[in-house]
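Computed from a predicted structure; not experimentally measured.
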Amino acid sequence: MLAVATIANNPEATVRGLTKRGLTDAQYLVNQVVALNQSRKETQTQLDETLAESNNLSRQIGQLMKEGKRKEAEAIKVKTADLKNSSKTLTETLRGYEEQLQKTLYNIPNLPHESVPEGKRAEDNEIVLEHGRLPTLPDEAIPHWELIEKYDIVDFALGNKISGAGFPVYKGKGARLQRALVNFFLDKAREAGYLEVQPPLLINEDSGYGTGQLPDKEGQMYEIVDQKLFLIPTAEVPITNLYRDVILREADLPLKNAGYTPCFRREAGSWGAHVRGLNRLHQFDKVEIVQISHPDQSYKALEGMLLHARQILEQLELPYRVLRLCAGDLGFTAALTYDLEVYSAAQQKWLEVSSVSNFETYQANRLKLRYKDGNNKTQMLHTLNGSALALPRIVAAILENNQSADGVKMPEVLIPYTGFDVIN
RNA sequence: AGAGAGUUGGCGGAGUGGUCGAACGCGGCGGUCUUGAAAACCGUUGUACCGCGAGGUACCGGGGGUUCGAAUCCCUCACUCUCUGCCA
């Protein structure tokens with residue numbers, strides 16, 4: 001969430017940023033934060049004064065008791081009753097303000113970075129670059145959901161039987177291709193200086209709040225109700241939360257972690273032709289890269305992460321493009337997001353395979369993730385993450401783009417990982 | 001899952017109702033000494049909120065209660081450890 005100070009000290013910039021995102025009540029929200037914070041401060045001061053007086057009297061009583069002046073002590077005791085009452089009232093009032101303030105802050109999204117283009121929807125995203133030639137396929141080319149049936153490498157019916165729609169079973173070369181991609185991605189991350197971690201796949205509520213999945217977005221996650229645990233929608237959640245409530249030394253920065261995990265999404269959204277096959281699943285695999293960065297370095301880090309994802313796509317010989325998300329399409333917690341889309345020839349459409357974002361201090365604020373600067377003052381850090389990469393649509397693109405009468409050819413770099421060069 | 005023990009500052013570890021934000025040790029930082037380092041010695045060393053400042057307030061696993069006053073007593077939840085049980 002945004003820091004109160006950020007909003008209070010830069011009200012115009014905050015309103016401008018939120019309005020760019022399409023919020024119509026930005027001014028109202030900012031006013032509310034400022035007002036609530038003011039009330040909070042005033043109540044806090046009153047409460048502190050009351051408690052100070054009360055502490056003072058208690059100390060006197062203690063002293064008198066020690067000296068055996070019982071009677072005088074009793075006289076002072078009487079005075080404390082009032083203070084006790086008013087401190088109780090003030091505490092409740094204060095808590096009320098704090099809760100309202102927090103609730104309001106939770107509902108305010110991150111401010112878009114200045115480079116974020118204006119716009120309301122996906123069509124307004126800025127195409128930063130395109131790479132690679134779009135393949136032209138023979139007339140008999142078919143989409144991946146037919147290819148996986150033809151070669152019997154992914155079985156939706158089986159998954160449906162044991163779990164439900166959106167939980168595919170990978171078989172034979174399909175399973176081996178998955179494993180190959182995961183290993184390939186992890187090796188690339190390690191070569192780029194990321195420390196590999198294997199986090200838990202279930203997270204608690206605190207972690208959900210830390211990265212912004214909670215409150216209000218629990219509908220996107222699967223929940224273990226009686227334990228208050230959630231299946232991770234992305235490794236971003238457990239890996240970033242590794243650093244919740246942490247104060248780092250400046251010398252430790254940047255922190256770079258990578259992890260492979262399955263991801264679980266309820267995705268109650270739309271269904272139809274565009275979500276057929278591997279295009280959208282309830283469970284899928286992804287290698288995620290995360291950086292904890294010094295505020296001055298975070299945009300440099302973001303460019304580095306984007307380049308990392310691009311290079312992987314280039315090695316896989318997949319044509320792709322890079323989008324800079326417009327303000328309206330930007331995720332709630334992000335300040336700047338690049339999407340990478342791979343061209344799927346048989347579907348003749350672009351498929352999102354990676355999303356690389358800088359959250360600036362938005363997550364750090366919730367996480368209480370800080371560092372000590374040169375003056376030994378604690379400052380908020382910046383968090384970033386990106387997919388490098390998500391598997392299913394990569395698999396879809398490889399299958400569709402590389403299909404021929406002889407089968408599906410594997411990209412050169414992948415063959416040492418798959419152990420085969422064609423699916424037929 | 002059952003029984004018992006525990007949870008204090010970066011770490012170890014005192015503290016069972018009254019200047020306790022918390023002794024002491026280690027570690028960290030600054031300094032003295034030294035050509036430099038080590039040792040020794042001296043000083044310093046949690047976080048947040050309010051306040052221009054002096055200073056004040058809160059926090060001893062979380063939440064609640066008793067009391068004029070709680071790290072210390074009571075209730076509750078979570079977690080950790082040991083033994084037993086089960087198990088990849």
Side-chain angles (χ1 to χ4, degrees), chain A residues 1-9 33-105 198-210 214 223-230 238 241-253 255 262 292 361 364-381:
Chain A
M1 61 191 168
L2 296 177
V4 175
T6 307
I7 298 172
N9 298 335
V33 168
V34 171
L36 282 170
N37 191 44
Q38 189 57 36
S39 305
R40 194 202 103 244
K41 276 188 191 178
E42 284 163 10
T43 312
Q44 169 88 255
T45 304
Q46 281 183 53
L47 175 62
D48 285 357
E49 282 167 1
T50 309
L51 288 174
E53 202 178 336
S54 175
N55 286 343
N56 206 5
L57 290 178
S58 291
R59 239 169 270 143
Q60 286 180 36
I61 293 172
Q63 189 60 37
L64 290 169
M65 293 294 234
K66 210 179 269 177
E67 294 166 7
K69 298 175 180 168
R70 210 161 242 297
K71 241 180 154 176
E72 294 175 43
E74 290 298 332
I76 298 180
K77 266 196 199 183
V78 179
K79 289 203 261 179
T80 60
D82 274 355
L83 292 174
K84 216 179 168 185
N85 273 330
S86 54
S87 75
K88 196 173 176 181
T89 313
L90 285 167
T91 302
E92 277 164 17
T93 310
L94 179 63
R95 193 172 295 184
Y97 285 132
E98 283 173 345
E99 277 170 14
Q100 280 183 69
L101 182 60
Q102 179 151 78
K103 208 174 159 191
T104 310
L105 288 171
Q198 282 193 14
L201 306 182
L202 288 160
I203 51 125
N204 59 26
E205 281 187 291
D206 284 347
S207 297
Y209 278 97
L214 298 175
E223 182 179 1
I224 316 287
V225 176
D226 61 347
Q227 309 250 30
K228 274 283 171 199
L229 292 172
F230 300 86
N241 271 282
L242 256 22
Y243 306 101
R244 173 152 48 82
D245 282 318
V246 166
I247 300 177
L248 294 166
R249 291 175 309 177
E250 206 164 353
D252 297 332
L253 303 171
L255 253 40
I292 312 297
T361 60
N365 231 315
R366 290 199 188 185
L367 293 161
K368 296 195 176 63
L369 168 52
R370 294 159 292 177
Y371 74 101
K372 290 218 188 260
D373 68 11
N375 302 320
N376 217 31
K377 282 198 70 176
T378 49
Q379 307 279 4
M380 288 297 163
L381 284 162

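- Taking only side-chain nitrogens and oxygens, Asn55(A) never comes nearer than 4.0 Å to OP1 or OP2 of G69(B).
- Note: CD (Glu42(A)) to P (C49(B)) measures 18 Å, nearest angstrom.
- Of all the heavy atoms in Glu205(A) and Leu214(A), the pair that sits closest is O-CD1, 3.6 Å.
- Considering every non-hydrogen atom in both Met65(A) and Ala73(A), the closest pair reads SD-CB, 3.9 Å.
- Straight-line distance from the CD1 atom of Ile61(A) to the P atom of A70(B): 12 Å, rounded to whole Å.
- The interatomic distance linking Gln63(A) (CD) with G18(B) (P) rounds to 13 Å, in whole Å.
- With a cut-off of 3.5 Å on both pairing distances, the Watson-Crick or G-U wobble partner of G61(B) is C77(B).
- For the pair Leu51(A) CG and U19(B) P, the computed distance is 18 Å after rounding to whole Å.
- Of the listed nucleotides (C68(B), U47(B), C50(B)), C68(B) has the atom at the smallest distance from the side chain of Met65(A).
- To the nearest angstrom, C1' of C68(B) lies 11 Å from CG of Leu64(A).
- Residues Leu229(A) and Glu223(A) are not in side-chain contact: their nearest non-hydrogen atoms beyond the backbone lie 4.5 Å or more apart.
- One P atom belongs to A22(B), the other to G55(B), and the distance between them is 15 Å to the nearest Å.
- Using the Watson-Crick or G-U wobble rule with both distances under 3.5 Å, C41(B) pairs with G31(B).
- Distance Glu98(A) CD to C50(B) P: 10 Å, rounded to the nearest Å.
- In this structure, Ser54(A) reaches neither bases nor backbone, as no heavy-atom distance under 4.0 Å exists between it and the strands shown.
- Across all non-hydrogen atoms, the minimal contact from Leu90(A) to Thr50(A) is CD1-OG1, 3.6 Å.
- Under the 3.5 Å distance criterion, the side-chain polar atoms of Arg40(A) are left unmatched by any main-chain donor or acceptor of Glu98(A).
- No engagement by Leu57(A) is indicated, since no non-hydrogen atom pair under 4.0 Å with the nucleic acid exists.
- With both pairing distances under 3.5 Å, U66(B) is matched to nothing as a Watson-Crick or G-U wobble pair.
- Residues from residues 77-97 of chain A with heavy atoms under 4.0 angstrom of RNA chain B, sorted by number: Lys77(A), Thr80(A), Lys84(A), Arg95(A).
- Within 4.0 Å of Arg370(A), counting heavy atoms only, lie sugar-phosphate atoms of the nucleic acid but no base atom.
- Distance from the side chain of Ala52(A) is smallest to U57(B) among C49(B), U57(B), G69(B).
- Mapping Asn56(A) and Thr378(A) onto RNA chain B by nearest heavy atom places Thr378(A) at the nucleotide closer to the 5' end.
- None of Ile203(A), Asn204(A), Leu367(A) except one satisfies the side-chain contact (heavy atoms from CB on, under 4.5 Å) rule with Asn241(A); the exception is Leu367(A).
- Nucleotide G85(B): unpaired (no Watson-Crick or G-U wobble partner with both distances less than 3.5 Å).
- Rounded to whole Å, the distance from CD on Gln44(A) to P on U57(B) is 12 Å.
- A donor atom on one side chain and an acceptor atom on the other are not found under 3.5 Å apart for Glu42(A) and Gln46(A).
- Atom CG in Asp252(A) sits about 15 Å away from atom P in G28(B), given to the nearest Å.
- Spacing between G62(B) and U7(B) at atom P, rounded to whole Å, works out to 13 Å.
- Each of C50(B), G18(B), U47(B) was ranked by its minimum atom distance to the side chain of Lys372(A); first place goes to U47(B).
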